[in-house]
Protein chains: 2
Amino acid sequence: MKNSLFNNICGASVPGVNEFKTSNYLKKNQPIFREGGIPRGVFCINKGKVKIFTIGEEGKEQIIHVAKEGEIVGFRALFSDEPYRVSATTLDESNLCFVSKEFFFNLVDTNKALRDSIMKELSTELADRAVFITNMAQKSVRERLAFSLIFLDDVYDGEMINLSRDDLANFVGTATETLIRLLKEFKTDALIKTYARKIKLLDKVTILKISSSQ
Amino acid sequence: MKNSLFNNICGASVPGVNEFKTSNYLKKNQPIFREGGIPRGVFCINKGKVKIFTIGEEGKEQIIHVAKEGEIVGFRALFSDEPYRVSATTLDESNLCFVSKEFFFNLVDTNKALRDSIMKELSTELADRAVFITNMAQKSVRERLAFSLIFLDDVYDGEMINLSRDDLANFVGTATETLIRLLKEFKTDALIKTYARKIKLLDKVTILKISSSQ
DNA sequence: CGAGCGATTGAAAAGACTCAACCACCGTGG
DNA sequence: CCACGGTGGTTGAGTCTTTTCAATCGCTCG
């Protein structure tokens, strides 16, 4: 886990953390927090993947991010001192630990390095989201799918991408049917191979090319 | 100027700020910073509007935000310690002041209240962008236009919205022609009235309704 | 073994985009 | 003073992508 944020908050070396953190096992598709809920602390992902999403006006999910082992989720809402504006749900069996707001803020106030990491993290994500917005606005669904596959391949690291078609469509920002049709095209073009819902990338170079407009 | 960030950085009460800040007058459509450039400080907007945008693969601008008097721009890149990943350009004649990186960081390190405001600001914007992404992914252009008009009406406060059609299209995330056609529809529906490029909202209630699907 | 959900396919309709042309305004220079 | 060129705004028509709705398939789980 190279993520310094994680180590600075949940790592064994953080003084006192063991008395304060609680460990939770969660099954697949369990909510971690919900839009509108009151934040009481942060969650560190020890194992499993977590989707971060908003619910659009029509009730459709838009997945903003897929977080993996070593990431911290839910700290943004603590700073803005408002109810959650996004929701988080496990995608697999997961193991999270919870660190209370009080303990977290105490860390932040006393540890400049942690503060700097957090500022950096927030700023970087802000720029990432600017790119995300641009992709949504300007790229075709086909291009966005390619982009998403590259992103998810990284999140799933060695393993195959393992999301429901609905979740994948909600990440790409399209209808499930459209997603399936495009996956089929990618399959016939030998860019990917599917094993039930799992997806393996065969030709990352071409996929990357597609993701950057043609 | 109610924005505490601005007052804590550029306000007359900040000790030493007058020796460090430099004031700049900028004409319409002048670049403030550019994607890829190296950040050397932050800019406080005293007067005028500023667009923050990225350039997509095809060279098309996507406007992410329109900042107004009292806002600070360009501080995110300082924290992430990377080149700018967005660009900023004036939309009107503007008056900005520049505060150097060194002075800014000194303020941040010594002023907890400022730090808290910045964290809050970053976190809030992050959530705003999640909503922006969702809007892009799920709303029709018509709905996004309505949403954008409401947003811009607030930015332009008492005045009428005053953007080129291209800029407006790049904010909504559509082609200029589509934007113009929809504006026309809004005009025939008596939702807005235009005076050359300026736009006045006549029926905010209905526009708001359109912006939230339907 | 049947229910039910997720995945897939088909066909039609709608929304947006592209391209091309045209208009209107404005400042410039002959 | 007026023709000229340029830029930004507007309109039209055709095309293509994407969505929607409906139906079917196939598998898993009780």
Side-chain angles (χ1 to χ4, degrees), chain A residues 27-29 51 56-63 89 91-92 134-148 160-188 192-199 210 213-214, chain B residues 27-29 51 56-62 89 91-92 134-148 160-188 192-199 210-211 213-214:
Chain A
K27 284 197 291 243
K28 203 177 166 141
N29 297 322
K51 64 176 170 182
E57 316 269 358
E58 317 272 54
K60 191 176 158 66
E61 284 183 12
Q62 176 60 44
I63 298 182
T89 296
L91 288 168
D92 310 299
T134 308
N135 282 348
M136 281 295 174
Q138 300 188 1
K139 285 188 196 290
S140 67
V141 176
R142 183 189 179 77
E143 290 160 355
R144 297 205 305 264
L145 170 57
F147 189 88
S148 302
M160 284 189 273
I161 296 169
N162 188 7
L163 283 174
S164 73
R165 295 292 184 250
D166 277 343
D167 279 339
L168 187 48
N170 291 340
F171 185 56
V172 173
T174 187
T176 308
E177 298 92 325
T178 305
L179 174 92
I180 288 171
R181 283 182 245 270
L182 287 169
L183 279 181
K184 198 177 167 186
E185 278 183 42
F186 280 21
K187 273 188 273 187
T188 44
I192 61 171
K193 196 162 176 0
T194 60
Y195 303 84
R197 52 139 60 176
K198 293 187 184 174
I199 300 171
I210 293 173
S213 302
Q214 186 42 220
Chain B
K27 284 197 292 242
K28 203 178 168 141
N29 298 323
K51 64 176 171 181
E57 316 269 357
E58 318 272 54
K60 191 175 158 66
E61 284 184 12
Q62 176 60 44
T89 295
L91 288 167
D92 310 298
T134 308
N135 282 348
M136 280 295 172
Q138 300 188 0
K139 285 187 196 291
S140 66
V141 175
R142 183 189 178 76
E143 289 161 356
R144 297 206 304 264
L145 171 58
F147 189 89
S148 302
M160 285 189 273
I161 297 170
N162 188 6
L163 283 174
S164 73
R165 295 292 186 250
D166 277 343
D167 279 339
L168 188 48
N170 291 339
F171 186 55
V172 173
T174 188
T176 309
E177 297 94 323
T178 305
L179 173 94
I180 288 171
R181 283 182 244 270
L182 287 170
L183 279 181
K184 198 176 167 187
E185 279 183 41
F186 280 21
K187 273 189 272 187
T188 44
I192 62 171
K193 196 161 174 1
T194 60
Y195 303 84
R197 50 140 60 177
K198 294 186 184 176
I199 300 172
I210 294 172
S211 81
S213 304
Q214 173 50 216

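By convention in this document, chain letters (A, B, ...) are assigned in the order of the sequence lines, proteins followed by strands, and residues within each chain are numbered from 1. Keep in mind that what you see is a predicted model, and the values were worked out from it rather than measured.
For A:D167, the side chain to side chain contact (heavy atoms under 4.5 Å, CB included) partners are A:K51, A:E61, A:I63, A:L91, A:L163, A:S164, not counting sequence neighbours. Legend: residues meeting side chain to side chain contact (heavy atoms under 4.5 Å, CB included) with A:K187, ordered by chain and number and at least two apart, are A:I192, A:T194. Applying the side chain to side chain contact (heavy atoms under 4.5 Å, CB included) rule to B:K28 yields the partners B:R197; only residues at least two apart in sequence or on another chain are considered. Contacts of A:D166 classified as side chain to side chain donor-acceptor pair (under 3.5 Å), with partners at least two apart in sequence or in another chain: A:T176. Here B:T174 pairs with nothing under the side chain to side chain donor-acceptor pair (under 3.5 Å) rule; sequence neighbours left out. Scored by the side chain to side chain contact (heavy atoms under 4.5 Å, CB included) test, A:A146 finds A:F186, A:I207, A:I210, A:S211 as partners (sequence neighbours excluded). Annotation: side chain to side chain donor-acceptor pair (under 3.5 Å) contacts of A:R165 (sequence neighbours excluded): none. By the side chain to side chain donor-acceptor pair (under 3.5 Å) test, B:K198 is found to be paired with no residue, residues two or more places apart in sequence or in another chain being considered.
A straight line from CG of B:N170 to P of D:dG8 spans 13 Å, rounded to a whole angstrom. For the pair B:L168 CG and D:dG9 C1', the computed distance is 13 Å after rounding to whole Å. In this structure, A:E58 atom CD and D:dT19 atom P are separated by 13 Å, rounded to whole Å. For A:D166 and D:dT19, the CG to P distance is 14 Å, given to the nearest whole Å. With rounding to whole Å, A:R197 atom CZ is found 18 Å from D:dC25 atom C1'.
Note: B:E57 CD to A:Q138 CD = 9.0 Å, rounded to the nearest 0.5 Å. Considering CG of B:N162 and CG of B:D92, their distance stands at 6.5 Å, rounded to 0.5 Å.
The footprint of chain A on DNA chain C, defined by a heavy-atom cutoff below 4.0 Å, extends from C:dA7 to C:dA11.
Residue pairs satisfying the salt bridge (Lys or Arg N to Asp or Glu O under 4.0 Å) criterion with at least one member in residues 172-184 of chain B, sequence neighbours excluded, are absent.
Near DNA chain C, meaning a heavy atom under 4.0 Å away, the residues from residues 176-184 of chain B are B:E177, B:T178, B:R181.
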Short heteroatom pairs, N/O only, protein and nucleotides 26-30 of chain D, under 3.5 Å:
none

